[in-house]
Each structure stands twice: as C-alpha cells, then as structure tokens.
Amino acid sequence: MVNLLQFDRAGLGDLCEQLGEKRFRATQLFRWIHQRGEHDLAAMTDLAKSLRDKLAGSAVIEALPVASEQVAADGTIKWLFDVGAGDAVETVFIPEADRGTLCISSQAGCAVNCRFCATGHQGFSRNLSTAEIVAQLWHAEFELRRRLGLAPGERAITNVVMMGMGEPLQNYAALLPALRIMLDDHGYGLSRRRVTVSTSGVVPMIERLRDDCPVALAVSLHAPDDALRDELVPLNRKYPIAELLAACRSYLARAPRDFITLEYCMLDGVNDSPEQAGALLALVRGDGTAASGLACKINLIPFNPFPASGLRRSPPERVAAFAAVLQQGGIVTTVRKTRGDDIAAACGQLAGEVQDRTRVAERGVRAVPVRIERNVAKPVTRRGAGLPVARERSAS
Ligand code: SAH
Ligand code: SF4
C-alpha cells in the first residue's frame, strides 16, 4: 500500500499513468487530498470510477498517529506524532494575529549534533519520508480548520518553517516534493516567501535548493568565527563560515526575499559578548575581506534550556546590547519571542519521545527502541483560553 501523501502533483501524475489512467486526473486527486483534506477515496465522487477502483487496492491517504497534543498558555499547539519503531517527531503551530505558522520536522533526531539543541543531543534515528513531512501539515491544517470553523478556502496555516526536529537539507530527497506540495496552487498554495527552510549550513544542498525550489532561507550561524562555530555546530568543520556565506550570496540570486535570515542562539558567556557582536557585524558586512557582505537579517534566539545541555540563556540586557551593536551597524536585527516554552515547544526543545541515541552509542550498547504507549500518552492539556483564530489570508 502506498500513501498518497508521498507524492507531489507530478509524482501523482506518474502514478496515474502507471495505472493506465490519464495524467490530468492527478490534479483532481491532489485537490481532494490537499485542499479538502479528504482521506477516503470513495468520497471523491467526481474522480473517475476506474481510477478510484484501481487506487482502492493499492493506495491509502494516511495520517500519522497522534501520540499527544499539548496546548500552551499562549495558544501554541504541539503535536507529537508516532512514526513507528519507537520514534516520534514534533510539530508546532504558532498562532499570531496576522498569521498561523507551522514548524515542521524533517528527521527523527538529527545527526548534526549542535551543542545547544535537544534534538541534536538525542542523536539521529532516521529521515522522514515525504509523506511523513506532509502529514504534519495535512493534520494541522485540516484539524485546525475544523476546530476554528473556517469556511472552505480559508486557511489555518499561512506560513511553514522547516525548523522542527532534524536538518532538512540532510533529507533533501524527501524535502523537495514536500516543498512542492506546500507551494502548489492545487495544494496549500503557499508563496515561496512564506515557506522557510532553516539549515545549519549544508553548503552543496543550499545550492541544490536554489536551483530546484528557492524558498525563503534561514541559516543557523550562532558564532562569528570558525573556531567557536566548529564547537557549537560541528558541521562547520566540513563547511566553514566563508563557504557558507558564499553559498548564501549565491542563493540570493534566486531567493524570494532579498535577504537571508541568520539565526543566532544566544548562549550566556559563550557567543554573546559585544566583541562577538562586532565580529558578526564585520563578517556580514564583509569588512576587511575581498568578499562582499551578505544581505541579511539577524534573528537572535534566546537559548531555550533543556536538561543536560549545561548551557544558560543570555540575560536580556546582554541580548539587547548585542542587538544594538548590529542595529547601529545597519543590520536589521530582531529578538525572537519565545513561544510555547511551558510545553517545551520552543526552538531547540523538541526531542520527541526517543531515547538518547548518542549516549547509547557512546556506551557501545545497541539502541533498544522505546515503545510509545498510545494509551498512556499525555492527555491534551488546555491551559489556554481556547484556540485563537488565524484569519489572515493575503499572500504578501
Ligand atoms: N536543523 C535546522 C532546523 C531546525 S533547528 C537548523 O539547525 O537550522 C531550528 C532553529 O532552532 C535553529 O536555528 C537552531 O539553531 C535553533 N535552536 C536549536 N536549539 C535551540 C535551543 N535550545 N534554543 C534556541 N534555539 C535553538
Ligand atoms: Fe540538528 Fe538543527 Fe538541532 Fe543542529 S540545531 S542538531 S542542525 S536540528
């Protein structure tokens, strides 16, 4: 049985052809799935009966089982999805007055192993399939539409950020069709500006993304020099800062926005001094080098602690002073508001329910999968005042 959430429209077209059906039927089928949230092939009444019959024996439209759902005081919702064999991934919905943003996971765990990230600490389990990436959006969109009582055509999710668990550019083959489904006018119809891929800096794949599907790009920088970045983001040893910034500059030629977002997680006493702010400013302006600067906006993320990180969040005054250096240097700099931290849904706190594979590997013990007991999963907690309504629909 194949899950139809696996295919972008071209892929569904291929499938129709393989079944001896007309390619164009794929568009109808795609619209039923991604515009109407239909999971029952039999309910797709205007779809050729011959195609429905053929699909009935070979295909399903299957959501991911929800292991738990939590709602934070600020309306942020975190879903934990069971992806089998003891792995789980998290998806976070962040409602704001003018938009609804969904933060999606791309892998169970992550192999990059950044010092300050809960996902990194748990180690890498496996890549998600396109169906598993898309199922997070499919569930959230249609579940929220039902709850909010949205009219047909109204959307709950206006923005997607690939900032959940995992490094999306280390799962490129599955990511690309998923992005195409999000952007497709017959699917979710999100504009390229409203879909953001966040990466720790997989340079060759930044170049691929530029050529294949240039959506908005965020790069997790976290340090102004290679010595520190090597420690915080081990991938830097393979793709150092100069190469990363060069890839960013070349991405801009096709990017939907005229800047790259640089993310910088503020760690007390590690990367948050005024001197480091000055070094970051010089870096993005290209001072003292032959390279030109990088058109960017800098997003400072207060570190969200998790057990065993051994790191502390920079105090607000220090974050403000760091931001001031950048702003005075002419770089647009924002400080990310922490959302959903009461349910561990904030950046870098997503760990699913998988065990710490890194430490297991160190001990040389074979990882034993942890079973998710669906019956004892955390109940839905509702501490907020009900769901806020995200009604903004303009495609700015
Ligand atoms: N792997 C990708 C996307 C997922 S992480 C990447 O690294 O970009 C999304 C963002 O959250 C990244 O900028 C990441 O550096 C940041 N982040 C990770 N752990 C964090 C933590 N504990 N506190 C604050 N931000 C964190
Ligand atoms: Fe992976 Fe991103 Fe976490 Fe680094 S910050 S370990 S790349 S998910």
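Looking only at atom types and distance, the side chain of Ser50 has a donor-acceptor partner in the side chain of Glu21 under 3.5 Å away. Looking only at atom types and distance, the side chain of Thr261 has no donor-acceptor partner in the side chain of Asn299 under 3.5 Å away. Judged purely by distance below 3.5 Å, without hydrogens or angles, the side chains of Asn271 and Gln276 never pair a donor atom with an acceptor atom. In this model, a donor atom of one side chain and an acceptor atom of the other lie less than 3.5 Å apart for Trp79 and Glu69. Side-chain N/O atoms of Glu263 and Ser220 include a donor and acceptor closer than 3.5 Å.
A distance of 11.5 Å separates CE in Met266 from CZ in Arg313, rounded to the nearest 0.5 Å. Atom CG of Leu175 is separated from atom CE of Met162 by 5.5 Å, given to the nearest 0.5 angstrom. For the atom pair Ile181 CD1 and Gln6 CD, the distance stands at 8.0 Å (nearest 0.5 Å). Atoms OG and CD, on Ser125 and Gln107 in that order, are 10.0 Å from each other to the nearest 0.5 Å. With rounding to the nearest 0.5 angstrom, the CD1 atom of Ile61 is 8.0 Å from the CG atom of Asp40. Atom CG of Leu51 is separated from atom CG of Leu47 by 4.5 Å, given to the nearest 0.5 angstrom.
Side-chain contact between Val335 and Pro302: present, with at least one pair of heavy atoms (C-beta onward) separated by less than 4.5 Å. Between Leu12 and Thr27 the shortest side-chain heavy-atom distance does not fall below 4.5 Å. Annotation: side chain of Leu209 is in contact with side chain of Tyr172 (closest heavy-atom distance under 4.5 Å). Side-chain atoms of Phe30 and Ile33, non-hydrogen and from C-beta on, never get closer than 4.5 Å to each other. With contacts defined as side-chain heavy-atom distances shorter than 4.5 Å, the pair Leu169/Ile206 qualifies. Using a 4.5 Å heavy-atom threshold, the side chains of Val197 and Pro168 count as touching. The shortest distance between side-chain heavy atoms of Leu19 and Leu55 falls below 4.5 Å. By the 4.5 Å heavy-atom criterion applied to side chains, Glu62 and Leu5 are not counted as neighbours.
In this structure a side-chain-to-backbone donor-acceptor pair under 3.5 Å is missing from Glu141 to Trp138. Side chain of Thr158 to backbone of Gly100: a donor-acceptor contact under 3.5 angstrom is found. In this structure, Gln136 contributes its side chain and Val92 its backbone to no donor-acceptor pair below 3.5 Å. The closest donor-acceptor contact from the side chain of Thr130 to the backbone of Ala174 lies under 3.5 Å. Counting only distance, with no hydrogens or angles, the side chain of Asn171 and the backbone of Ser106 share a donor-acceptor pair below 3.5 Å. Put simply, the side chain of Glu96 never gets that close to the backbone of Asp98: no donor and acceptor are under 3.5 Å apart. Listed for the Arg9 side chain is no donor-acceptor partner under 3.5 Å among the backbone atoms of Arg180. Between the Asp74 side chain and the Gly340 main chain, a donor and an acceptor come within less than 3.5 Å of each other. Side chain of Ser58 to backbone of Lys54: a donor-acceptor contact under 3.5 angstrom is found. The closest donor-acceptor contact from the side chain of Asp226 to the backbone of Ile241 lies under 3.5 Å.
Residues that satisfy the salt bridge (charged side-chain N to carboxylate O under 4.0 Å, His left out) test with Glu207, not counting sequence neighbours, are absent from this structure. When the salt bridge (charged side-chain N to carboxylate O under 4.0 Å, His left out) test is applied to Asp8, no partner is found at least two apart in sequence or on another chain. Checked against salt bridge (charged side-chain N to carboxylate O under 4.0 Å, His left out), Arg31 has no partners two or more places apart in sequence or in another chain. For Arg146, the salt bridge (charged side-chain N to carboxylate O under 4.0 Å, His left out) criterion is met by Glu143, not counting sequence neighbours.
If you chain together hydrophobic residues whose side chains sit under 4.5 Å apart, Leu64 and Val2 fall into the same group. Cluster annotation: Leu15 is connected to Leu176 through the hydrophobic network of ILVMFWY side chains, with a link wherever side-chain heavy atoms come within less than 4.5 Å.
In this structure, Phe81 and His139 have perpendicular ring planes: the angle between them is above 60°, well past the 30° mark. In this structure, Phe142 and Tyr188 have tilted ring planes: the angle between them lies in the 30° to 60° band.
For Phe322 and Tyr264, the ring centers are positioned less than 6.0 Å apart.
The nearest pair of heavy atoms linking Leu217 to Thr196 is C-CG2, 4.4 Å. Minimum interatomic distance between Gln327 and Thr333 (heavy atoms only, all atoms of both residues): NE2-O, 3.0 Å. Heavy atoms only, all atoms of each residue included: Val319 and Leu300 are closest at O-CD1, 4.0 Å. Residues Leu183 and Cys213 approach most closely at CD1-SG, 3.6 Å, considering heavy atoms. Looking at every heavy atom in both residues, Leu232 comes nearest to Ala223 through CD1-CB, 4.4 Å. A pairwise comparison of heavy atoms in Ile133 and Ala178 identifies CG2-CB, 3.8 Å as the closest pair.
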Leu4/His34 under side-chain contact (heavy atoms from CB on, under 4.5 Å): CA gap, chis, key distance, verdict: CA-CA 10 Å; Leu4 296 181; His34 298 291; over 6 Å; no

Could you walk me through whether Glu90 and Ser105 pass side chain to side chain donor-acceptor pair (under 3.5 Å), step by step? CA-CA 6 Å; Glu90 297 182 334; Ser105 294; over 6 Å; no

What do the steps show when you test Ile157 against Phe93 for side-chain contact (heavy atoms from CB on, under 4.5 Å), and what is the final call? CA-CA 8 Å; Ile157 290 156; Phe93 175 67; 4.0 Å; yes

Could you check Arg254 against Asp211 for side-chain contact (heavy atoms from CB on, under 4.5 Å), going step by step and ending with a plain yes or no? CA-CA 8 Å; Arg254 298 199 58 200; Asp211 296 338; 4.3 Å; yes

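Counting non-hydrogen atoms of other residues, nucleotides and ligands closer than 6.0 Å to CZ of Arg115 gives a total of 12 or fewer. A 6.0 Å sphere centred on NE2 of His186 holds more than 12 heavy atoms belonging to other residues, nucleotides or ligands. Atom CZ of Arg237 has more than 12 heavy atoms from other residues, nucleotides or ligands within 6.0 Å.
Using a cutoff of 4.0 Å between basic side-chain nitrogens and carboxylate oxygens, Asp225 and Arg229 are not scored as salt-bridged. In this structure, Lys238 does not pair ionically with Glu243, as no charged nitrogen and carboxylate oxygen lie closer than 4.0 Å. With respect to the salt-bridge test (charged N to carboxylate O, under 4.0 angstrom), the residues Asp14 and Arg23 qualify. The pair Lys22-Glu17 does not meet the salt-bridge criterion, since no charged nitrogen lies less than 4.0 angstrom from a carboxylate oxygen.
Residue pairs satisfying the ring pair (Phe, Tyr, Trp, His ring centres under 6.0 Å) criterion with at least one member in residues 213-246, sequence neighbours excluded, are listed as follows: Phe116-His222. Listed by first then second residue, pairs satisfying salt bridge (Lys or Arg N to Asp or Glu O under 4.0 Å) with a partner in residues 264-278 read Asp268-Arg312, Asp272-Arg318, not counting sequence neighbours.
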